[in-house]
Amino acid sequence: MAGPYIFVFTGTSGSGRKTIAHRIGTELGIVPVLSCTTRKARTTGVKNQDYHYISRDQFNELDGQGQFLQTATIGKERYGVLSHELDRPLQDGRHVYLVLNSEAATLLKKLYGDKVIRLFIYVDKGTVRERLESKGMSYDVVERYLEQYPEEVVYRKQCEHVIENVELTRTLEQIRVAIQSHL
Ligand SMILES: Nc1ncnc2c1ncn2[C@@H]1O[C@H](COP(=O)(O)OP(=O)(O)OP(=O)(O)O)[C@@H](O)[C@H]1O
Ligand SMILES: Nc1nc2c(ncn2[C@@H]2O[C@H](COP(=O)(O)O)[C@@H](O)[C@H]2O)c(=O)[nH]1
C-alpha cells in the first residue's frame, strides 16, 4: 500500500461534500483535518463538526505565526488549514481527509503529488439551491454560492474521481469503492 493518502472532497458548494466526507471518514477510520474559519457556525440543531470556528484575531495571529499551510478569503470570511494538523497524522502513517475548494485542492496536489486523491462531488444547480435553502441559508447567501457554480463545476476534469450526489446511499457506495481502490 502506498500512502498515507490525503483525500480531498471538493466540488460544487452545497453538493453534500461535508455530509459525505464525515460519513465515509468515520466509517473507514480516516482522520478529519478541519479548516479554521472566521465564519459563524450554521445552526442546524446538530453538533457542528465542520470547522474550527475561531475569531478573526485568532486567525490573524496564527497567520502571522506562519501556521497555515494555505488560507483563503471567501466573501468576508477567512479559511485555512493548519500545517501541523495535516502533517501530524501523515507522519503517523494515517490517511486523512479534508473538504476544500478547488484552489486549495490544487495547492495540496502541487505540494503532495500522488498522495492527494481529489473526489469531486456535484449536483445540478437547482438541487444546490434546494439543499442550501434547506440548511437555512438566506436568499442572498444562496445566490452568492450559485454565482460560483460555473467556475466550480469545470474543476471536475482535473480530479481523480467525479461523483454526482443524487441518492446519498448510492453516492456513499461509489465513494467507498473509489477510496478503497487506493488502499
Ligand atoms: N444525496 C442527498 N440527498 C439529499 N440531501 C442531501 C444529500 N447529500 C447531502 N444532502 C443535504 O444537502 C445539504 C448540503 O450538504 P453539505 O452541507 O454536506 O454540502 P457541502 O457541499 O459541504 O456544502 P457547503 O457548500 O456549504 O460547504 C445538507 O442539508 C445535507 O444534509
Ligand atoms: N481555500 C480554502 N477553501 C476552504 C477551506 N475550508 C473550506 N473551504 C471552502 O470554502 C468554501 C465555503 O465554505 P462554507 O463551509 O463556508 O460554505 C467551500 O467551498 C469550502 O470547501 C480552506 O481551508 N481553504
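Counting starts at 1 for both ligands and their atoms, in listed order.
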Heavy-atom donor-acceptor pair, [X] side chain to [Y] backbone, under 3.5 Å:
{"X": "S55", "Y": "Q58", "answer": "yes"}
{"X": "D124", "Y": "G126", "answer": "yes"}
{"X": "N101", "Y": "A104", "answer": "yes"}
{"X": "K109", "Y": "V116", "answer": "yes"}
{"X": "R156", "Y": "V153", "answer": "yes"}

Contact between ligand 2 and [X] is defined here as a heavy atom of the residue under 4.0 Å from a ligand atom; is it met?
{"X": "K18", "value": "yes"}
{"X": "Y51", "value": "yes"}
{"X": "E103", "value": "no"}

In terms of atom number and element, which parts of ligand 2 are under 4.0 angstrom from non-hydrogen atoms of [X]?
{"X": "V81", "result": "23 (O)"}
{"X": "S35", "result": "5 (C), 6 (N), 22 (C), 23 (O)"}
{"X": "A104", "result": "1 (N), 2 (C), 24 (N)"}
{"X": "Y145", "result": "12 (C), 14 (P), 16 (O), 17 (O)"}
{"X": "A72", "result": "1 (N), 2 (C)"}
{"X": "Y79", "result": "5 (C), 6 (N), 7 (C), 12 (C), 13 (O), 14 (P), 16 (O), 22 (C), 23 (O)"}

If the contact criterion is a heavy-atom separation under 4.0 Å, does V166 count as touching ligand 1?
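In this structure, V166 qualifies as a contact of ligand 1 - some heavy atom is under 4.0 Å.
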
With the threshold set at under 4.0 angstrom, would you say T171 reaches ligand 1 through any of its heavy atoms?
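So T171 does not count as touching ligand 1.
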
Identity and distance of the protein heavy atom lying nearest [atom]:
{"atom": "atom 1 (N) of ligand 1", "result": "N165 OD1, 2.9 Å"}
{"atom": "atom 18 (O) of ligand 1", "result": "T19 OG1, 2.5 Å"}
{"atom": "atom 17 (O) of ligand 1", "result": "K135 NZ, 2.7 Å"}
{"atom": "atom 9 (C) of ligand 2", "result": "N101 N, 3.8 Å"}
{"atom": "atom 20 (P) of ligand 1", "result": "R17 N, 3.5 Å"}
{"atom": "atom 27 (O) of ligand 1", "result": "K18 NZ, 2.4 Å"}
{"atom": "atom 5 (N) of ligand 1", "result": "R131 NE, 3.5 Å"}
{"atom": "atom 18 (C) of ligand 2", "result": "R17 NH2, 3.5 Å"}
{"atom": "atom 19 (O) of ligand 1", "result": "G16 N, 3.0 Å"}
{"atom": "atom 10 (O) of ligand 2", "result": "I74 CD1, 3.1 Å"}

Greater than 12 external heavy atoms within 6.0 Å of R23's CZ
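Open: at most 12 neighbouring heavy atoms sit under 6.0 Å from CZ of R23.
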
Does a sphere of radius 6.0 Å around CG in N60 hold more than 12 heavy atoms from other residues, nucleotides or ligands, not counting ones at 6.0 Å or beyond?
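Yes, CG of N60 has more than 12 neighbouring heavy atoms, counting only those of other groups under 6.0 Å.
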
Under 4.0 Å, heavy-atom basis, I'd like to know which part of R39 is in contact with ligand 2: side chain, backbone, both or neither.
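The part of R39 near ligand 2 is the side chain, not the backbone.
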
Indicate, as side chain, backbone, both or neither, the part of V99 found under 4.0 angstrom from ligand 1 when only non-hydrogen atoms are considered.
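Neither; nothing of V99 gets under 4.0 Å from ligand 1.
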
For the pair R176 and E173, find out whether any cationic side-chain nitrogen is under 4.0 Å from an anionic carboxylate oxygen.
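Yes.
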
Flag the pair K40 and E77 as a salt bridge only when some basic side-chain nitrogen lies within less than 4.0 angstrom of an acidic carboxylate oxygen.
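Salt bridge flag = no for E77 with K40.
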
Between ligand 1 and [X], is the shortest N or O to N or O distance under 3.5 Å?
{"X": "L132", "result": "no"}
{"X": "E167", "result": "no"}
{"X": "Y145", "result": "no"}

Contact atoms of ligand 1, heavy-atom distance to [X] under 4.0 Å:
{"X": "L168", "answer": "1 (N), 8 (N)"}
{"X": "G14", "answer": "14 (C), 19 (O), 20 (P), 21 (O), 23 (O), 24 (P), 25 (O)"}
{"X": "S13", "answer": "25 (O)"}

Sub-4.5 Å side-chain heavy-atom contact between [X] and [Y]:
{"X": "R39", "Y": "Y79", "result": "yes"}
{"X": "E160", "Y": "L119", "result": "no"}
{"X": "I175", "Y": "I121", "result": "yes"}

In terms of the angle between their ring planes, are H161 and H182 parallel, tilted or perpendicular, with boundaries placed at 30° and 60°?
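The rings of H161 and H182 stand perpendicular, inter-plane angle above 60°.
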
Check the angle between the aromatic planes of Y53 and Y51 and answer parallel, tilted or perpendicular using the 30° and 60° thresholds.
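The rings of Y53 and Y51 stand perpendicular, inter-plane angle above 60°.
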
Can we call the ring centroids of F59 and F68 under 6.0 Å apart?
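Judged by ring-centre distance (under 6.0 Å), F59 and F68 do meet the cut-off.
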
Verify the ring-centre separation between Y5 and Y97: is it less than 6.0 angstrom?
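No, the ring centres sit 6.0 Å or more apart.
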
Result of checking L69, L62, D87 against L82 for side chain to side chain contact (heavy atoms under 4.5 Å, CB included):
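With L82 as partner, L69, L62, D87 yield a single side chain to side chain contact (heavy atoms under 4.5 Å, CB included), made by L62.
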
